[in-house]
Student: 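Quick one: this structure, given as structure tokens, is what I'll be asking you about.
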Amino acid sequence: MSRRYFGTDGIRGLANRHPMTSEIALKVGMAAGKVYSSNGVYRHRVVIGKDTRLSGYMIESALMSGFTAVGMDVFLLGPMPTPAVAMLTRSLRADLGVMISASHNPSADNGIKLFDPDGYKLSDEAEAQIETLMASPTEELLVPAEKIGRAKRIESAQERYIEYAKRTLPRNIRLNGLRVVIDCANGAGYQVAPEALWELGAEVVKIGVEPNGHNINLKCGSTSPEALCEKVRELRADIGIALDGDADRVVIVDEKAQIVDGDQIMAVIAESWHRSDKLTAGGVVATVMSNLGLERYLKGLGLTMVRTPVGDRYVVEHMRKHGYNVGGEQSGHVVLSDFTTTGDGLITALQVLSVVVDTGNAVSQVCKRFDPLPQLLQNVRYEDGAPLEQDAVKKAIDHGKARLGQNGRLVIRPSGTEPVIRVMAEGDDERLVQQVVGEIVEAVRKAAQAA
């Protein structure tokens with residue numbers, strides 16, 4: 001399905017450049033509003049949240065104008081995590097939810113993510129329907145003057161989400177006595193995440209909580225956890241928590257300032273829920289990038305691990321279809337469907353803290369569930385053609401798979417957002433992994449140059 005605006009995760013791009021312009025945002029608001037307000041029985045409403053990028057003001061205003069022009073009432077949340085927007089879409093009985101964010105991208109980028117009334121990201125079919133309407137003449141979408149929508153700010157949004165996040169923990173769990181450092185990436189979670197931790201009893205040290213419109217994800221947050229590691233080490237904290245710009249993913253840092261990725265986090269939660277009989281479908285859903293060590297660890301517990309293509313939407317789709325309640329990505333985008341419809345960095349961190357409190361063990365003990373296998377990822381950029389279709393590349397891939405055999409894994413895939421081939425291998429023998437990746441990368445480079 002060829003699409004003009006929507007990519008793998010909504011619409012995203014450089015702010016004030018196509019497609020991330022006020023004009024496009026206005027059309028998105030009008031088209032999406034029309035699709036989700038066809039029933040005239042009641043006043044239709046849309047919830048809009050954003051992260052802390054300067055361009056969020058521009059996009060928010062344009063979307064609001066588009067939605068009200070087609071008769072929808074707009075509820076503005078201000079800076080709020082992506083999962084909070086999904087939750088409040090359901091809570092406020094809205095017909096549509098919108099998050100303005102480019103997640104972990106630099107501040108100059110921005111994006112528009114849309115959620116259905118149940119808080120799930122829109123299907124390809126719904127996005128295609130919106131794109132079709134975006135091409136319609138404006139006059140066909142507008143409502144009469146007396147039916148124009150209203151807009152208002154929801155002052156209680158932060159309190160609603162904080163209370164919701166706290167209630168995902170058992171009533172007897174308190175964080176008293178724990179020193180927690182949280183890095184909010186100068187992003188969407190900078191107010192709600194530290195407050196929730198403090199209300200649960202933790203001693204909270206905050207970094208990455210001074211957004212200025214330009215510093216989101218800048219040398220901070222889950223993509224740059226070095227500052228968090230240093231602060232944990234300096235303060236001898238019990239745990240560090242790093243969110244990304246829209247707070248839908250998390251990286252944990254233990255008391256030794258060692259980084260804990262999404263694979264280890266999924267192992268911690270899956271094992272805990274399995275022991276308390278809360279884990280459904282007998283396993284977890286991960287992507288092709290998750291470490292083989294996680295798969296082996298879960299197998300040792302009698303649990304399965306299903307792999308999907310890269311992207312949280314594929315993880316969520318499989319979870320919904322087959323009844324899993326734990327899934328996610330190595331990057332820290334963890335979906336716990338008992339509580340959320342998308343990744344939620346704060347709620348994921350709270351589940352890890354629950355295990356820490358329940359066991360009385362240090363974070364390093366709780367979060368080191370398995371030894372990851374040596375894993376190497378290299379990217380090869382190309383200009384034109386299809387390097388993976390070349391015979392020499394296919395031969396190198398087949399040879400690499402044969403060499404790794406049953407003791408390793410090979411994943412080669414084109415990027416969904418840029419002209420790059422990603423070559424990843426893992427196995428018990430680190431030197432062999434390096435050799436296999438090197439040979440395939442060289443074959444892809446030669447094929448790319450010959451194109």
Student: Inspect the surroundings of NZ in K401 and state if more than 12 heavy atoms from other residues, nucleotides or ligands are less than 6.0 Å away.
Tutor: no
Student: Going by atom types only, do N291 and E426 share a side-chain donor-acceptor pair under 3.5 Å?
Tutor: yes
Student: Does R313 reach the side chain of V316, with side-chain heavy atoms less than 4.5 Å apart?
Tutor: no
Student: Do T287 and R307 pass the side chain to side chain contact (heavy atoms under 4.5 Å, CB included) test, and can you show the C-alpha distance, the side-chain angles, and the key distance before you say yes or no?
Tutor: CA-CA 5 Å; T287 75; R307 293 184 185 271; over 6 Å; no
Student: Within a radius of less than 6.0 Å around NZ of K394, do more than 12 heavy atoms belonging to other residues, nucleotides or ligands occur?
Tutor: yes
Student: Mark yes when over 12 heavy atoms from residues, nucleotides or ligands other than K278 sit less than 6.0 Å from its NZ; otherwise mark no.
Tutor: yes
Student: Tell me, with the steps shown, if D246 and R249 meet salt bridge (charged side-chain N to carboxylate O under 4.0 Å, His left out).
Tutor: CA-CA 8 Å; D246 67 336; R249 66 175 70 183; over 6 Å; no
Student: For the NZ atom on K206, are there more than 12 heavy atoms of other groups (residues, nucleotides or ligands in this structure) within a distance under 6.0 Å?
Tutor: no
Student: Evaluate the side-chain proximity of V46 to F115: yes if any heavy-atom separation is below 4.5 Å, no if none is.
Tutor: no
Student: So, does E195 use its side chain to make a donor-acceptor pair with the main chain of V192 at under 3.5 Å?
Tutor: no
Student: Is the closest side-chain heavy-atom distance between L279 and L303 below 4.5 Å?
Tutor: yes
Student: What class does the angle between the rings of Y324 and H318 fall in, given that below 30° is parallel, 30 to 60° is tilted and above 60° is perpendicular?
Tutor: tilted
Student: Are D118 and T341 close enough, and set up right, to give a side chain to side chain contact (heavy atoms under 4.5 Å, CB included), and what steps lead you there?
Tutor: CA-CA 8 Å; D118 295 321; T341 55; 5.9 Å; no
Student: Mark yes when over 12 heavy atoms from residues, nucleotides or ligands other than E210 sit less than 6.0 Å from its CD; otherwise mark no.
Tutor: no
Student: Do Y120 and T342 have side chains that approach each other closer than 4.5 Å (heavy atoms only, starting at C-beta)?
Tutor: no
Student: Does a sphere of radius 6.0 Å around CD in Q435 hold more than 12 heavy atoms from other residues, nucleotides or ligands, not counting ones at 6.0 Å or beyond?
Tutor: yes
Student: Evaluate side chain to side chain contact (heavy atoms under 4.5 Å, CB included) for Q258 paired with V253, printing each intermediate quantity in order.
Tutor: CA-CA 5 Å; Q258 296 173 327; V253 171; over 6 Å; no
Student: For R275, is there an ion pair with E271 - N to carboxylate O distance below 4.0 angstrom?
Tutor: yes
Student: Work out which heavy atom in I269 is nearest to a heavy atom in V326; give both atom names and the distance.
Tutor: CG2-CG2, 4.3 Å
Student: With sequence neighbours left out, write down each residue that passes salt bridge (Lys or Arg N to Asp or Glu O under 4.0 Å) with D51, or none if nothing qualifies.
Tutor: R53
